[in-house]
Amino acid sequence: MSHARIIVDRDFTIADVSPRLFGSFVEHMGRCVYTGIYEPGHPEADDQGFRKDVMALAKELGATVVRYPGGNFVSGYNWEDGVGPREDRPVRIDGAWHTIETNAFGLHEFVEWARRADMEVMEAINLGTRGVDEARALVEYANHPSGTYWSDLRREHAAAAGTSGEPFGIKLWCLGNELDGPWQIGHKTAEEYGRLAQEAAKAMKLVDPNIELVAVGSSGKQMPTFGTWEQTVLTHTYDEVDYISMHAYYQEHDGDAASFLAEAVNMDGFIDGVVATIDAVKAAGKHTKQIDISFDEWNVWYQQGLETEDQPDQVAKEWKSHPRLIEDRYSVTDAVVVGTLMHSLLRHGDRVRIANQAQLVNVIAPIRSEENGPAWRQTIFWPFARIAELATGEILRLVVDADQQPTARHGDVDVIDAAATYDAETGVLSLFIANRGLEEAADVTLDLRGFTASEVLRAEVLTIPEGGDRHTANDLQSQEAVGLVPLEGVRLGDSGQSSAVTMSLPALSWAVVQVKVA
Ligand code: AHR
């Protein structure tokens, strides 16, 4: 049995919870769009061809903002190909994913899907093969009311499709995708990208001054240009942009589960590094405004996956429309890691104001769907859905005093990882806690300061199900093998009013505990 004490103090706050921390991502990649959110022939398809079963799961997931249309895809995409009558839309090669793009689904369809799903659209522009002119045209097409070439074209297209011609009102825009990566179509140096992003940003804000812009940051902490890329890009764009992006994907290497379970340590350090770089550019440039972070791609992704039916290719071999790509099957271990990555985002909620799990359906996703078949929740669905639902109010700065666990990649780490929010309006304290120990249960005591707990409102845990192991997953045959179950034995220190809450968390688990406090 391991032990941990978590001090939860009413006065130690980090920031208000940004609803945009619970974002997702829909890329034209693999089966995320086609046979994911959109499948006109499916028995569950609605009048627009959107899958109602997937839509229901997306709503249950609670994603608030959704990035679109890429990803690597966007760096070779012409947004004009995806608007207007379907029969006139060109079929193109998508070089990023070696795929045929039919353009049957485009901007109007996505905006309508997001409206029905109750999610904010975060639109990425192509700064790989395209530039300033196409960027400002897209903002005019999307957001200008009427009476200009592009806004009237939007109205015309909408009228022909029998939908509303009202402006889409897209506020959040990504100035390209991963342009620091040599794999990216139109890869650039930081100088080249910084200048282009500055000019595109300027032109876009001249069309609509109310938009918020995200400059491209590093594709990962491992990039050789990490740090200098952010510094150069922000030196050019500081006045024009509002956020800089971060991307990070994690996986278990060579069966080293202990290190994998502690990857939130890596995420914490990555965020701290980007914050330091932003603030150094702010100081050097004598700027007063604050730039925040849009962590617009993060997840577990087995990038060295086997190319089998279960774990398809990273890139397709034949030219096909919507091939199976990176349909990772997530285990109990992956779900615990996803929980801890979300803890890291919350812990940095004063600077990370937007975050998007990549992606929503089928492609490294919490939701899976089969063509002409069912849709279901992967294991990683659960920590995301609960945190998105329950993290409200203010994020609290916790002090965790826990037993240590040795790891090869991160040194000794706390066996317990946690985050918490307090909602003063409802008087509810929400704790999100992971036991990263693979063998031992953990006795955890919450030491409440400035609060008195009166009732345990909710206690749920995701762990290894009976008869399973840490690799157990939800799949087509067994869609509900792993989920949240009641966490028994959560106690207030004394009966009635108390300043301590105790519980025992099973080995390898992620839990949520909500208490009513005064
Ligand atoms: O999410 C999958 C891919 O990962 C995205 O297209 C790209 O931006 C990143 O490298």
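We count ligands from 1, going down the list as the structure has it; atoms in each ligand are counted the same way.
Every residue meeting the salt bridge (Lys or Arg N to Asp or Glu O under 4.0 Å) condition with Asp133, not counting sequence neighbours, appears here in chain and number order: Arg136. For Arg115, the side chain to side chain donor-acceptor pair (under 3.5 Å) criterion is met by Glu112, not counting sequence neighbours. Trp79 is linked by a ring-ring contact (aromatic ring centres under 6.0 Å, His included) to Tyr141, Trp150, counting only residues two or more places apart in sequence or in another chain.
Inspection of the Tyr193 and His236 side chains reveals no N or O donor paired with an N or O acceptor under 3.5 Å. There is no side-chain donor-acceptor pair under 3.5 Å between Ser478 and Asp475. For the residue pair Arg67/Asn356, the side-chain donor-acceptor check at 3.5 Å is not satisfied.
The residues lining ligand 1, counting any heavy atom closer than 4.0 Å, are Phe25, Glu27, Gly71, Asn72, Trp97, Asn177, Glu178, Tyr249, Glu297, Trp301, Gln359, Ile364.
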